[in-house]
Structure formats: structure tokens, C-alpha cells
Number of protein chains: 2
Amino acid sequence: MQITPAELEIMNVLWDNPGIGASEIADGLKDDKSWNIRTIKTLVGRLVEKGALTTEPDGRRYLYRPAIKRGDYQKKAAKQFVDRMFGGRAAPLVAHLADSRGLTPEDIADLEALLGELKK
Amino acid sequence: MQITPAELEIMNVLWDNPGIGASEIADGLKDDKSWNIRTIKTLVGRLVEKGALTTEPDGRRYLYRPAIKRGDYQKKAAKQFVDRMFGGRAAPLVAHLADSRGLTPEDIADLEALLGELKK
DNA sequence: TCGTAACGACTACAAACGTAGTCAATTGGG
DNA sequence: CCCAATTGACTACGTTTGTAGTCGTTACGA
């Protein structure tokens, strides 16, 4: 299940707001990305073909919702990314994130809690 | 500076082994990826065009070396990835990594050390 | 009631990507 | 000394991706 960056923008709107139509998707990404409604429909169509979205008729239009869970997709993508960029090692990735944008105090707290869990 | 996944394989070999020619690159990724030497040369050519590699004549051939630092590229890619997939939050990413492949004990130790640093 | 706007289905099209092939020059090994 | 193998330069080509356009239909607002 290959999702391109542009398609991911659509998925993100639908994960946040499942069961909406193409024009609502357009509203959902307003200001973020300004795509022509046809562009959005093309991307949505491709996602449906790929099986990443399910459709549900609503009058003469369709409503869409993700067929895959956001968390599942994130997990797979994260693994792929770490494998490709860091040879599978997570620590260097976190180090870079810490360096480049500064993890927020909240992030750091989250990570600490996470490590506590992992050590058990 | 946009580097595709296939090109990244080349870059990885050159980051590990700067100043080699196309056939050495082929050797460098043997077994990992089995590309035709022409494919490798095409990818290398594209990287040179993009300014990601510098060339140095060596007899009737060229030696190549990265024009950008691995760490710099990793950092930029990591930031982009986290922004696109996780809305910029690093903690969920690490949580997924922990869940999906199990961080090694070594990873966990590294992360702990890192957090110690960050809290200062 | 009538036309304009929105919808789905289909088509378009250039750039990027992955994966090589051709050609002409050159050089190292037998 | 000569030929097969290697090299750089250029070309090829199908697929994917980003970004829309066209067409025929339909439904709502004036």
C-alpha cells in the first residue's frame, strides 16, 4: 500500500475527519495546501483504487473514509524510513530530531515515560 | 536537494566510502541491491547534476564523493518525515518504532543517555 | 423552469523515477 | 599487438506522481 506525499495530505484530513466528501476534504486542507478540487478528486480516486479509502454513496456523491488505521500506516512508514536512512537504528534519528528542531519539553517527558515502559 | 530512495543507496555507499568510482560503488552495494552498472551510472549522473556528488578525474574515469554531509541530510530528512507523518511530534514516532521492531537494548540505552543530555 | 454549479467518470500531460541500452573511445591482459 | 571489457556521454522508455481539463448529468436557487 504505497501512499505518496500528496496522497498523504488527503489521508490526514480523512483520518481526522472520516466520512466526508471531496469538497469537505478541500475545506479540511485549506490554507495548508491549495489544490484545485479536481486535483483532490484525482488523488482521492487513486487512494480508492489502491484500497486505502472506502466509499459510501451519499445521494449523488461519495463519502470517504480510511480503510487503514493511521497508527498502522505510521508504524510501517516509520520502520521503512529508519531502515533506509539510519540502517534501522532509532537512536540516531532521535538525536537528529533533538538537534534540529529541539524536542519540546513535552516530547522529552513523553519519551522518558516511554523509556520507562520499555525497560520493564 | 531531493534524493530519491534509489539514489540514497548510492549515497550511502559513498558516505561509507568516499572517493571511489562507479564500479566500486557497484561492489559496495553488492547483494544489497543488484543493479546493472549502467543503472548505477545513471543514478550517479543524476546525483552529480543535482550537486549531491562532486567528481574528480582519475585517469579516464571519475571518482565521486558526497558534496553534502550524511548527518546534515539525515537531519533534514528526519525533520521532513516527522513533519509529514506525525505533525512534527517526535514522541509518537519513537513509540511506533518501539512497538514495531523493538528497540534494541542498546537503542534504549542510547536514548536514555540522550534524554539525560537534553534535560540539562 | 432554467441555467449554473457541483458531481462522478474519464482523459491529459509534463516531470520525476527506475531501469537500462547504444556508441565511440580507450586500455589492460593474454 | 590486438581484442574484449570498461568508461563516459547520451538516449530510451514504461510507470508513478502532481496537477489539472473535459464531458455528460443532475439538482438547487432565482
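So you know, we letter chains A, B, ... as the sequences are listed, proteins then strands, and number each from 1.
Of the residues in residues 10-22 of chain A, none has a non-hydrogen atom less than 4.0 angstrom from any atom of DNA chain C. Contacts between residues 38-57 of chain A and DNA chain D, counted as heavy-atom distances below 4.0 Å, involve A:Arg38, A:Thr39, A:Thr42, A:Leu43, A:Arg46, A:Lys50.
Counting heavy atoms from C-beta outward, B:Asp83 and B:Gln80 have side chains that stay 4.5 Å or more apart. Put simply, the side chain of B:Leu14 reaches to within 4.5 Å of the side chain of B:Ile25, judged on heavy atoms. Looking only at side-chain heavy atoms (C-beta outward), B:Ile10 and B:Leu29 come within less than 4.5 Å of each other.
Between A:His96 and A:Phe86, the ring planes lie tilted relative to each other; the angle falls in the 30° to 60° range.
Under a 4.0 Å N-O distance rule, the pair B:Asp72/B:Lys75 does not qualify as a salt bridge.
When all heavy atoms of A:Ala52 and A:Ile3 are compared, the closest pair comes out as CB-CD1, 4.4 Å.
Counting only distance, with no hydrogens or angles, the side chain of B:Glu7 and the backbone of B:Thr4 share a donor-acceptor pair below 3.5 Å. Within the 3.5 Å criterion, the main-chain N or O of B:Leu97 finds no donor-acceptor partner in the side chain of A:Lys79.
The span of DNA chain D lying next to chain A, judged by atoms under 4.0 Å from heavy atoms, is bounded 5' to 3' by D:dT17 to D:dA27. Using a 4.0 Å cutoff to heavy atoms of chain B, the contacted part of DNA chain C runs 5' to 3' from C:dC17 to C:dT27.
Listed by first then second residue, pairs satisfying ring-ring contact (aromatic ring centres under 6.0 Å, His included) with a partner in residues 15-72 of chain B number zero, not counting sequence neighbours.
Note on B:Met1 and B:Leu47: same hydrophobic cluster, where clusters join Ile, Leu, Val, Met, Phe, Trp and Tyr whose side-chain heavy atoms are under 4.5 Å apart, directly or indirectly.
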CA sep, side-chain torsions, deciding dist, call: B:Glu9, A:Arg84, salt bridge (Lys or Arg N to Asp or Glu O under 4.0 Å): CA-CA 8 Å; B:Glu9 299 283 340; A:Arg84 270 220 309 267; over 6 Å; no
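With sequence neighbours excluded, the residues forming a side chain to side chain contact (heavy atoms under 4.5 Å, CB included) with B:Glu56 are B:Leu63, B:Arg65, listed by chain and number.
At the heavy-atom level, A:Arg61 lies under 4.0 Å from the strands shown only through sugar-phosphate atoms.
Once rounded to the nearest 0.5 Å, the distance linking CG of B:Leu114 with CD1 of A:Ile108 reads 9.0 Å.
Projected onto DNA chain D by closest heavy-atom contact, A:Thr4 and A:Arg60 fall at different nucleotides, the more 5' of which corresponds to A:Thr4.
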